[in-house]
Amino acid sequence: MAYGKELAAAIKAASLAARLCRKVQKALLQSDVRSKHGRNKSPVTVADYGSQALVSFVLQQEFPGEFSLVAEEDSNDLRKDGGGEIVERITKLVNESLTSDGSYGVSLSSEDVLKAIDSGKSEGGSQGRHWVLDPIDGTKGFVRGDQYAVALALLDRGNVVLGVLACPNLPLTSISVAHPHSPNNEVGCLFFAEVGRGTYMQLLDGSSTVKVQVSAVENPEEASFFESYESAHSMHDLSSLIAQKLGVKAAPIRMDSQVKYGALSRGDGAIYLRFPRNGYREKIWDHAAGSIVVTEAGGVVTDAAGKQLDFSKGKYLDLDTGIIVSNQKLMPLLFDAVRASLAQKSKPQP
């Protein structure tokens, strides 16, 4: 089945949201950051809510029938006392974005925006179609001025059939350990993939579209690897041990968000390792778009037991230990290094 109309809508929605996020990041104010409830205390920005409202609105305009969105945010905090000023700012940003696009000719009220945010309360699952959104994947990177992504995917009967990663701070040309920010370069990429049709990259404005492929590196000594910037998001010591057993010589490239999936899909690195600390449950919006962007570019995405990621169980991924990503040549070697490293780590220390 082809998903051309859905992919076009996803690219449009994610591009608009990314431009909204870029605008806010340039003028980031202290009042833009609120803390989510819960133990992780991760920051939520005006852009985070605005991005979700914008994507939700655009998708509902393009597909006005049955609509299901699994997304990270809800409006509970915004509806509390003291949230009015932030809601006004979000509404203004969303309307400015819609006006600049010119497709819809509407002006949303604050309540419209809150309802759009709350459209993301679906639980997903194995039946029907569900959009999956992380409105800003990498909120800490966003606040720091580093990498983040608007990540949007579509599930059809539990399978990821398309994905879009809008990466406003990722340079168009390859990043490296030595120059992870690549100055003097066009910045702002969008990756998109549809099942069976490959992965493509373009500038955020839609120009310079090229098909991308994962790295063809076969020798681990020549490979470089990505891991999460935040040590709380992934166990850097375990990744280091795996890299050592593989014989990887390059230092890790540490980046926030699913931007890592995008960068790997075009061959910037050959391996991505993610091993969250015990007790953390991965959410589908943190991997749905990124996984298809890599697999359609010829890569492999599995958990630490070598099983494909299962997006059909609702909001959470049930994984064995972590997520490993590479090309088809390196994956068997990587899998062996992961198993050996996990076994070593599990042994009691003398």
Is there a donor-acceptor pair under 3.5 Å between the side chain of Gln308 and the backbone N or O of Val300?
no
Main chain of Asp74, side chain of Asp118: is a donor-acceptor contact present, judged purely on distance under 3.5 Å?
no
Give a yes or no answer on whether the side chain of Ser56 reaches the backbone of Ala53 with a donor-acceptor pair at less than 3.5 Å.
no
Run the side-chain hydrogen bond (donor to acceptor under 3.5 Å, both in side chains) test on Asp256 and Gln147 for me, step by step, so that the C-alpha distance in whole Å, both residues' side-chain angles and the decisive distance to 0.1 Å come before the verdict.
CA-CA 6 Å; Asp256 297 283; Gln147 298 297 338; over 6 Å; no
Between Tyr104 and Glu62, a side-chain donor and acceptor under 3.5 Å:
yes
Within the structure provided, determine whether Ser119 and Lys121 are in side-chain contact (heavy-atom separation under 4.5 Å).
no
Test item: Glu221 side-chain N/O and Val248 main-chain N/O as donor-acceptor pair under 3.5 Å
no
For Ser109, does its backbone N or O pair with a side-chain atom of Asp112 as donor and acceptor, under 3.5 Å?
yes
Counting only N and O atoms by type, is there a donor-acceptor contact under 3.5 Å from the side chain of Ser97 to the main-chain atoms of Leu16?
no
Do Val161 and Glu6 make a side-chain contact, defined as non-hydrogen atoms from C-beta onward lying under 4.5 Å apart?
no
Would you say the side chains of Asn169 and Gln25 form a donor-acceptor pair under 3.5 Å?
yes
Atom of Leu165, atom of Gly290 and distance for their closest heavy-atom approach:
CD1-CA, 4.0 Å
For the residue pair Arg144 and Tyr229, would you count it as a cation-pi contact if the rule is NZ or CZ under 6.0 angstrom from the ring centre and within 45 degrees of the ring axis?
yes
Electrostatic pair Lys92-Glu88, nearest N-O below 4.0 angstrom
no
Any side-chain donor paired with an acceptor under 3.5 Å for Glu282 and His287?
yes
Is Asn327 reaching over with its side chain to a backbone N or O of Leu330, donor-acceptor style, under 3.5 angstrom?
yes
Ring centers of Tyr272, Tyr261 separated by less than 6.0 Å
yes
What about Leu342 and Leu241, same hydrophobic cluster or not, with Ile/Leu/Val/Met/Phe/Trp/Tyr joined at side-chain heavy-atom distances under 4.5 Å?
no
Any donor-acceptor N/O pair, Ser265 side chain to Gly262 backbone, under 3.5 Å:
yes
Between Lys12 and Ser103, do the side chains contain a donor N or O and an acceptor N or O under 3.5 Å apart?
yes
Is Arg79 salt-bridged to Asp77, cutoff N-O under 4.0 Å?
no
Would you call Cys21 and Ile136 a side-chain contact if the rule is heavy atoms closer than 4.5 Å?
yes
Would you mind checking if Lys23 and Glu96 are paired as a salt bridge, meaning a charged N to carboxylate O distance below 4.0 Å?
yes
Okay, side chain of Glu296, backbone of Gly196: is any donor-acceptor separation there less than 3.5 Å?
yes
With a 3.5 Å cut-off and sequence neighbours excluded, list the donor-acceptor pairs that the side chains of residues 311-325 form with protein atoms.
residue: Ser312; atom: OG; partner: Asp310; partner atom: OD1; Å: 2.6

Hydrogens and angles aside, do Ser207 and Gln202 bring a side-chain donor and acceptor to less than 3.5 Å of each other?
no
Please check: side-chain N/O of Ser75 versus main-chain N/O of Leu78, any donor-acceptor pairing under 3.5 Å?
no
Ion pair check, Glu227 and Lys260, cut-off under 4.0 Å:
no
Could you tell me whether Asp237 and Lys345 make a salt bridge, using a distance below 4.0 angstrom between a side-chain N and a carboxylate O?
yes
Using a 4.5 Å cut-off on heavy atoms from C-beta on, say whether the side chain of Leu190 contacts that of Ser15.
yes
